[in-house]
Protein chains: 2
Amino acid sequence: MVSAEKPAAARRASPGAGLPPTTLVLPGDEPTAAALIAAAVEVMAVHGYHGTSVRDIAAAAGTSPAILYHHFTSKQVLLATMLDRGLDVLIAATEQALDLAGEDPADRLRAVVEAHVRVHLDSQRESLLGNSELRALDPSSLRVVVAKRDVQQRIFDRVIRDGVRREVFGTTYPEDTARFVTSACTAVAAWYRAGGPLSAEEIVRHHQEIALDAVRWRR
Amino acid sequence: MVSAEKPAAARRASPGAGLPPTTLVLPGDEPTAAALIAAAVEVMAVHGYHGTSVRDIAAAAGTSPAILYHHFTSKQVLLATMLDRGLDVLIAATEQALDLAGEDPADRLRAVVEAHVRVHLDSQRESLLGNSELRALDPSSLRVVVAKRDVQQRIFDRVIRDGVRREVFGTTYPEDTARFVTSACTAVAAWYRAGGPLSAEEIVRHHQEIALDAVRWRR
DNA sequence: CCGTCCTTTGAACGAACGTTCAGATCGGCT
DNA sequence: AGCCGATCTGAACGTTCGTTCAAAGGACGG
């Protein structure tokens with residue numbers, strides 16, 4: 001061969017080049033698997049699971065479609081991996097925030113609201129995916145993900161119920177208020193746009209304040 | 001995607017037989033078009049737009065796939081029709097509730113919360129569809145639907161801002177609180193299950209109470 | 001420099017997709 | 001009865017889907 005053309009593999013950009021990092025990639029992941037996850041987050045968050053083809057993912061990752069099946073057993077498993085890891089990130093962030101918070105129920109509610117909102121702002125695409133594609137999961141993966149989602153919901157339940165028991169919060173319906181608050185905090189991933197009128201900091205603070213009002217915090 | 005094994009003889013009986021009614025069907029609709037819409041609501045609410053094939057819709061409606069193209073120019077247009085009508089229903093219910101409410105800001109917030117929650121409970125599948133499949137719309141349909149969504153959001157904005165101006169509500173962030181409340185009220189479509197521990201009436205009342213707390217209603 | 005193992009590839013598979021179309025069927029008018 | 005327009009159908013169109021596979025490429029120890 002006379003031409004200076006590099007072989008196909010080298011002609012390609014390195015896998016995952018140009019993709020933003022994602023919280024769903026773990027340190028142990030092989031580079032190509034990480035690129036596929038990051039690419040799937042990007043594309044699926046926009047077009048959904050069924051609206052995204054394996055070829056779309058591979059193209060966004062800068063690899064070939066077939067390689068997906070070397071790192072994951074199916075497109076379905078790739079989705080399940082992402083959603084599962086996403087909830088691990090959310091729960092870990094929330095539990096860590098609670099560990100750092102003190103005993104005051106208002107501080108504790110502020111902490112979990114901040115963690116929840118911040119994850120949904122910082123990992124907006126991952127969160128959107130996790131909130132809209134549960135229906136695309138196979139039954140056994142769905143069970144796992146729903147269970148983890150319940151864990152997160154129960155953290156809010158516990159914080160609010162605890163505040164009510166200590167008479168710092170006055171809400172009549174602790175469980176409904178907990179769901180009310182988590183729903184609103186989850187929704188930020190659906191409407192937030194970077195560069196909009198509100199900064200992430202403002203959104204976090206406002207949600208903390210409104211959540212405290214919703215539980216009838218006795219200031 | 002979705003299996004259907006109805007015998008041909010039963011299919012010919014009457015289109016749409018066995019489907020629950022939907023708010024998205026208008027009086028002027030031809031029966032087969034109505035059956036297609038009702039079927040699409042049922043199947044798409046579960047599997048999403050891209051996860052539902054034209055054959056799935058036709059099977060659920062008890063007709064043949066080709067007939068869809070006699071009543072709608074494409075699967076895309078069928079979706080756009082449903083989402084557009086769904087928002088018309090929501091906005092009409094909310095505006096009518098406001099008309100019936102008096103001058104008291106608390107009553108007016110109760111009214112819009114009740115209307116919004118009730119639509120999302122009574123038309124759960126239609127609402128789920130409307131909240132998750134905006135991304136499947138073509139740009140021009142999306143513009144229309146987003147505009148109507150903004151109309152609904154502005155109704156809440158206006159009610160809450162009005163309450164603040166009259167010093168009946170004390171919230172510091174009227175606009176953020178409005179979004180907080182609508183987000184939580186929209187989310188009921190995602191978690192409500194008929195036959196669960198809460199009746200529709202209870203859910204409506206609790207959401208009214210929590211919303212009033214969130215805006216710092218001065219009782 | 002060869003052999004080995006892991007990674008990656010292009011090409012191909014059958015199935016399912018949205019859509020089209022010529023013709024069957026039907027109700028209503030003359 | 002005979003016709004007509006609207007409604008509906010089965011069969012097919014070309015495309016794209018998720019997935020498989022034999023083989024090539026690359027890194028590396030011997």
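Predicted model, so just to flag it, every value in this text is computed and none were measured. The sequence lines fix the lettering, A, B, ..., with proteins before strands; numbering per chain opens at 1.
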Exercise. Could you tell me whether A/Thr52 contacts a base, only the sugar-phosphate backbone, or nothing, with contacts defined as non-hydrogen atoms closer than 4.0 Å?
Key: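 The residue A/Thr52 makes sugar-phosphate contact but no base contact.
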
Quiz item: Hey, does A/Glu30 reach any base, or is it just sugar-phosphate, or nothing, if we go heavy atoms under 4.0 Å?
Solution: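 It contacts sugar-phosphate atoms only.
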
Quiz item: Is there a donor-acceptor pair closer than 3.5 Å between any side-chain N or O of A/Arg108 and the backbone N or O of A/Val159?
Solution: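 Here the side-chain-to-backbone pair does not exist.
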
Exercise. Kindly say whether B/Thr81 contributes a backbone atom to a donor-acceptor pair with the side chain of B/Asp84 at under 3.5 angstrom?
Key: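 No, B/Asp84 side chain to B/Thr81 backbone: no donor-acceptor pair under 3.5 Å.
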
In whole Å, I'd like the distance from the [atom1] atom of [X] to the [atom2] atom of [N].
X	N	atom1	atom2	answer
B/Leu68	D/dG10	CG	C1'	16 Å
A/Tyr69	D/dG18	OH	P	6 Å
A/Ile67	D/dT20	CD1	P	14 Å
B/Phe72	D/dT7	CZ	C1'	14 Å
B/Asp29	D/dA6	CG	C1'	17 Å
B/Asp56	C/dA15	CG	C1'	14 Å
B/His70	D/dT9	NE2	P	11 Å
B/His71	D/dC8	NE2	C1'	8 Å

Quiz item: OP1 or OP2 of D/dC8 less than 4.0 angstrom from a side-chain nitrogen or oxygen of B/Thr63, does that happen here?
Solution: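 The answer is no; no side-chain N or O of B/Thr63 sits under 4.0 Å from OP1 or OP2.
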
Quiz item: Looking at B/Ser53, does any N or O in its side chain come under 4.0 Å of the phosphate oxygens OP1/OP2 on C/dC17?
Solution: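 It does, given that an N or O in the side chain of B/Ser53 lies less than 4.0 Å from OP1 or OP2 of C/dC17.
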
Self-check item: Any side-chain donor near an acceptor of the partner, B/His116 and B/Thr94, under 3.5 Å
Solution: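 Side chains of B/His116 and B/Thr94: no pair found under 3.5 Å.
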
Practice problem: Please step through side chain to side chain contact (heavy atoms under 4.5 Å, CB included) for the pair A/Leu26 and A/Arg85, ending with a clear verdict. | Solution: CA-CA 9 Å; A/Leu26 303 182; A/Arg85 290 185 180 187; 3.6 Å; yes

Self-check item: Among D/dT9, C/dG10, D/dC17, the one nearest A/Ser64 by side-chain distance
Solution: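 My answer, after comparing the listed nucleotides, is C/dG10.
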
Practice problem: Could you label the plane-to-plane angle of the B/His207 and A/Phe180 rings as parallel, tilted or perpendicular, counting under 30° as parallel and over 60° as perpendicular? | Solution: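 B/His207 and A/Phe180: tilted rings.
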
Quiz item: Considering heavy-atom distances to DNA chain C, does B/Ala66 or B/Lys75 have its closest nucleotide positioned more toward the 5' end?
Solution: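 Taking each residue's closest nucleotide, the earlier one in sequence belongs to B/Lys75.
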
